[in-house]
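Since we're looking at a predicted model, the values are computed, not measured. Proteins come first, then strands; the chains are lettered A, B, ... in the order of their sequence lines, and each starts at number 1.
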Amino acid sequence: MKRLVRHWQSLLAGILAVAALTRLPLTLPEAANPVGNGMTIAAILVVVVVLMQAIEESGPALRAVVLFLGAHIPAAMLLSGVAGNEGYMSAGFFLLIAASWLLAWASVSELSQIETRSTGLGWLLKLLIPAIFGAWLLIIWEAITRGFGIPFILLPPPSSIGTRIAGSVAILWADVQQTIFKAVLIGYIVGCASGFVVAILADRFAFLRRGLIPIGNMVSALPIIGVAPIMVMWFGFDWHSKAAVVIIMTFFPMLVNTVAGLAASGAMERDLMRSYASDYWQTLMKLRLPAAMPFIFNALKINSTLALIGAIVAEFFGTPIVGMGFRISTEIGRMNVDMVWAEIAVAALAGSVFYGVVALLERATTFWHPSNRGG
Amino acid sequence: MKPDTLRDRIIPVLTILLVIVTIWYVGAYFMNAPFQRDLDRRGNVTSTTMEFIGKTMSQPKPILPAPHQVVSNFVENTFMRSVTSNRSLVYHAWVTLSSTVAGFTFGTLLGILIAVGIVHVKALDRSLMPWIIASQTIPILAIAPMVIVVLGAINITGLIPKAIISTYLSFFPVAVGMVKGLRSPELIQLDLMRTYHASAAQTFWKLRVPASIPFLFTSMKVAIAASLVGAIVGELPTGAVAGIGSKLLAGAYYSQTIDIWSALIAGSVLAALLVTIVGIIAKIVDRAMGGRPA
């Protein structure tokens, strides 16, 4: 009984596969391009489930591999069967998709059981588990949109978004250059740098700090994005206005975090610096700034997202005819939803890369910090 | 030693605010002066310096409105109009507020649910958590206009699309904060629960939930600010019907700078109010749970 409970996902998958057998073929009678491999797919699923019970005693790695193959081969076969039959898939199709999804879930469960000593394998697992999850998000998205024949405008399937990305690399690249390389990067650098400089000033003069920090804390809760139309009015339609929005958005998180970070070094360390007779700037450079690094990087990470949002939203208020925000707002008006999704995918990728670069820099500069040492 | 509130808090903040207002006035003069000079030359008007400064502060569509213009516009549109008029800021703030609160409520519930799942199911933790963190790096607001237009295409308009955007923006901070909070009980406390032979549900309700409350409120403060931003941005592409976002957009279209600024102030007041309310609730809950002031 215990064994059954432990493998409930694969058991349920088996039940669903058997249920699907009664609902074959995979396509409705009206379908243009009927497919006949439903029996094979259901058979594979059932075999995998039976195998799971047979190899109960073996390690999680073997079980994970069996489940992985058992989930993804049927999924690939199912998806290839949809071509030409959009909107004409039968209940059997969805039952089998659900069954293979359950097997993929079971495979992820097995993978998370694996305890490994080797760092390389650990990294691989760390990447593989979320990758399977992400892949299934796409598979289910694809299966539902195409299987039910959901209108393209409402939600295009990922495969057609992928085709659109591949087909319009030049446009996307021009948008990235306009929005990210000009507006976001320049605004980010200027905003973070000025926030940092003001933070040092606020640290030097206590009066300034007492006045600025409550204001800074309050401002960070405000919808600063609203200044976008004003900036567009002041600095024109080109990237300058977007950079200005980004500067304003990134300034305050940097200010507040840096001031908090500069207070992070302990009294004992500061006393030590005093007994060395080091002056303000020496203490700052050699003790307090390094101690503030985790806080500063926290602000840099928050700002990497804010900068992208600021630049894209500011473009909704007026741009030259290039830029990610411009493309999103015009293509949605023309109901080219796949282009909008392509742009969003690119923005997501750019955001993750931006964040990743900052995170790598953080690891390189604050390698001494406990959160980076533990392994 | 008790900190001197007047000397250490109020005076510095007031000084900085005074400096900001002064810079604002000076900026208003210099940004509006060229246009005013042009206007005077064409109208063959010669004015003294004081008169000229006064005129730069009272243009109907200035590049940078002076603070008193913004304040008087804000006061006029907030208190002098009936709240049902579509020129009243109270009306627009109400429209924005309703979708903010709806989205925030759903987002918080969803965030808590996801956090409970992540804490209790190991596979979810390993597979979902990286995506939640990665999704924080994605400019989600970029989806906002599409959600609005697409849902509009199938006749879902009004509050729901905006609330969806707010939900999306507010559930991330809550999920991440709650995962941290539900995991905050230390090993020694969990061991104690074990010696009591507590079931998983008992450990959850009697140890993990109480421990997570401070984390929940901290992330709710972030979440409510985020969902307000979501609601405002969600109002941008609806063709300027109602709400603070549409007020911003209409102001941008017709160069009504004073309107933009007073809409901004309305948004800021709303944000400050919401965060304060969450803060007060946090304090009440903290006291009810027996927390003592540190």
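Each of Ile244(B), Leu64(B), Leu228(B), Val269(B) has some count of heavy-atom pairs under 4.5 Å with chain A, and the biggest count is that of Leu64(B). The choice from Ala272(B), Ala271(B), Ala225(B), Ser268(B) that makes the most heavy-atom pairs within less than 4.5 Å of chain A is Ser268(B).
Residues of residues 228-237 of chain A lying within less than 4.5 angstrom of chain B, judged on heavy atoms, are Pro229(A), Ile230(A), Met233(A), Trp234(A) in numerical order.
No more than 12 heavy-atom neighbours from other residues, nucleotides or ligands sit within 6.0 angstrom of CZ on Phe35(B). Within 6.0 Å of the CG atom in Leu273(B), the count of heavy atoms belonging to other residues, nucleotides or ligands exceeds 12. Shown here is Trp94(B), whose CH2 atom has no more than 12 heavy atoms of other residues, nucleotides or ligands within 6.0 Å.
Residues Val13(B) and Pro214(A) share a closest heavy-atom pair of CG2-CG, 3.7 Å.
Atom-to-atom distance recorded for Thr15(B):OG1 and Leu212(A):CG is 11.0 Å, nearest 0.5 angstrom. Atoms CD1 and CD1, on Ile225(A) and Ile232(B) in that order, are 10.0 Å from each other to the nearest 0.5 Å.
Take Thr257(B) and apply the side-chain hydrogen bond (donor to acceptor under 3.5 Å, both in side chains) test, not counting sequence neighbours, and it matches no residue.
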